[in-house]
Amino acid sequence: MHVEEHLRFMRLAIEQARLGMTNNEGGPFGAVVVKNGQVIAAANNRVTSTNDPTAHAEIVAIREACRQLGSFQLNDCILYTSCEPCPMCLGAIYWARPAQVFFACTRRDAAAINFDDDFIYREIVMPPHERRIPMFSLLREEALPLFTLWREKEDKTPY
């Protein structure tokens with residue numbers, strides 16, 4: 001893909017961010033998923049309009065693109081996002097497996113307007129019980145056999 005095409009798709013992601021803000025749907029974030037030079041999905045942040053803390057632009061775009069493609073992976077797709085992905089979106093991106101990701105603003109730019117994800121990046125490396133929201137393992141021995149069943153399941157769809 002030529003540089004001009006990348007710039008065009010990034011501008012679409014930026015426009016999605018503007019549109020979402022203008023419509024009071026959420027924060028200043030937009031995303032576009034492209035496959036073979038065609039836009040598969042375009043979305044903006046919808047956290048406040050849907051009361052869904054996971055409705056970040058990247059997540060909304062990934063969900064729609066996967067629905068359009070009939071797949072839980074974005075093989076051979078490119079994700080354009082108006083800002084460097086937060087940890088949640090980064091995780092979703094890795095699970096969706098696009099070929100590339102391009103972002104405009106950095107997470108430091110986002111922090112400058114009070115979208116500070118750095119504390120989550122710091123929390124991830126901490127032992128679960130020491131995190132700001134303490135987390136504890138419970139009933140592991142009861143749940144662990146399910147992992148054995150999954151490993152042995154012959155008709156599973158691996159991902």
Side-chain angles (χ1 to χ4, degrees), residues 1-128 130-135 150 155-159:
M1 193 176 303
H2 297 289
V3 172
E4 286 302 317
E5 288 180 282
H6 289 302
L7 297 176
R8 180 170 65 90
F9 293 129
M10 182 58 77
R11 286 187 178 107
L12 286 174
I14 293 167
E15 187 52 36
Q16 282 295 312
R18 184 183 327 280
L19 179 66
M21 254 189 357
T22 302
N23 293 336
N24 291 320
E25 293 180 300
F29 307 101
V32 175
V33 177
V34 173
K35 184 169 186 171
N36 299 325
Q38 299 294 325
V39 174
I40 305 300
N44 55 270
N45 180 290
R46 297 179 187 155
V47 169
T48 57
S49 63
T50 62
N51 294 319
D52 180 353
T54 69
H56 290 199
E58 297 93 333
I59 302 290
V60 175
I62 287 169
R63 288 175 180 160
E64 178 59 20
C66 287
R67 191 180 73 70
Q68 290 291 330
L69 295 171
S71 174
F72 54 83
Q73 293 183 341
L74 298 178
N75 298 329
D76 304 318
C77 291
I78 300 174
L79 174 66
Y80 298 86
T81 179
S82 65
C83 189
E84 182 177 357
C86 75
M88 176 184 69
C89 293
L90 186 62
I93 288 164
Y94 273 92
W95 284 117
R97 296 179 177 94
Q100 291 181 300
V101 176
F102 292 89
F103 60 89
C105 296
T106 68
R107 65 187 191 191
R108 283 161 190 66
D109 297 327
I113 59 167
N114 296 319
F115 288 96
D116 192 356
D117 301 325
D118 272 345
F119 84 92
I120 299 173
Y121 282 101
R122 290 190 305 273
E123 291 277 307
I124 289 170
V125 298
M126 294 179 71
E130 292 180 17
R131 294 178 181 154
R132 193 174 296 177
I133 300 174
M135 300 179 184
W150 175 258
D155 64 342
K156 67 184 170 204
T157 303
Y159 60 98

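Fair warning: this is a prediction, and the values are worked out from it, not measured in the lab. Any value given below was found using the heavy atoms of this structure, including those in side chains, with hydrogens, waters and symmetry copies removed.
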Query raised in the report: By ring-ring contact (aromatic ring centres under 6.0 Å, His included), which residues pair with Phe103, not counting sequence neighbours?
Result: none
Query - Arg107 with Asp118: basic N within carboxylate O range, under 4.0 Å - result: yes
Query raised in the report: What's the verdict on side chain to side chain contact (heavy atoms under 4.5 Å, CB included) for Val33 and Leu74, showing C-alpha distance, side-chain angles and the deciding distance?
Result: CA-CA 9 Å; Val33 177; Leu74 298 178; 4.2 Å; yes
Report summary line: In this structure, CZ of Phe29 is separated from CZ of Arg46 (nearest 0.5 Å) by 15.0 Å
Requested in this report: Please answer whether the main-chain N or O of Ile40 pairs with a side-chain N or O of Lys35 as donor and acceptor at a distance below 3.5 Å.
Outcome: no
Report summary line: Distance col, row Leu12:CG vs Ser82:OG, nearest 0.5 angstrom, shows 12.0 Å
Query raised in the report: Is there a donor-acceptor pair closer than 3.5 Å between any side-chain N or O of Glu130 and the backbone N or O of Pro127?
Result: no
In residues 55-63, what donor-acceptor pairs under 3.5 Å come from side-chain atoms, sequence neighbours left out?
{"from": "His56", "atom 1": "NE2", "to": "Pro53", "atom 2": "O", "distance (Å)": "3.4"}
{"from": "Glu58", "atom 1": "OE2", "to": "Thr81", "atom 2": "OG1", "distance (Å)": "2.9"}
{"from": "Arg63", "atom 1": "NH2", "to": "Thr54", "atom 2": "OG1", "distance (Å)": "3.4"}

Requested in this report: Give the minimum heavy-atom separation between Pro158 and Lys156, together with the two atoms involved.
Outcome: CD-O, 3.3 Å
Requested in this report: Calculate, to the nearest 0.5 Å, the distance between atoms CD1 and CG belonging to Ile120 and Leu90 respectively.
Outcome: 11.5 Å
Report task. Just jot down the ring-ring contact (aromatic ring centres under 6.0 Å, His included) partners of Phe102, sequence neighbours excluded, or say none. Result -> His6, Tyr80
Query raised in the report: Could you state the interatomic distance from SG (Cys83) to CG (Asp117), rounded to the nearest 0.5 Å?
Result: 7.5 Å
Query raised in the report: How close do Met10 and Ala104 get, heavy atom to heavy atom, and via which atoms?
Result: CE-N, 3.8 Å
Query raised in the report: Does anything in residues 83-106 pair up under side-chain hydrogen bond (donor to acceptor under 3.5 Å, both in side chains), and if so which pairs, sequence neighbours excluded?
Result: Thr106-Asp109
Enumerate, atom names and distances included, each donor-acceptor pair closer than 3.5 Å involving a side-chain atom of residues 19-26, sequence neighbours excluded.
{"from": "Thr22", "atom 1": "OG1", "to": "Arg18", "atom 2": "O", "distance (Å)": "2.8"}
{"from": "Asn23", "atom 1": "ND2", "to": "Leu19", "atom 2": "O", "distance (Å)": "3.4"}
{"from": "Glu25", "atom 1": "OE1", "to": "Asn44", "atom 2": "ND2", "distance (Å)": "3.0"}

Requested in this report: Without swapping roles, check the side chain of Glu123 against the backbone of Arg132 for a donor-acceptor pair under 3.5 Å.
Outcome: yes
Query - Student check: side-chain heavy atoms of Phe115 and Cys86 closer than 4.5 Å - result: no
Report task. Tell me, please, which residues at least two apart from Asp76 pass side-chain hydrogen bond (donor to acceptor under 3.5 Å, both in side chains). Result -> none
Report task. Would you name the heavy atoms of Ser71 and Cys66 that are closest together and state the gap between them? Result -> O-CB, 2.9 Å
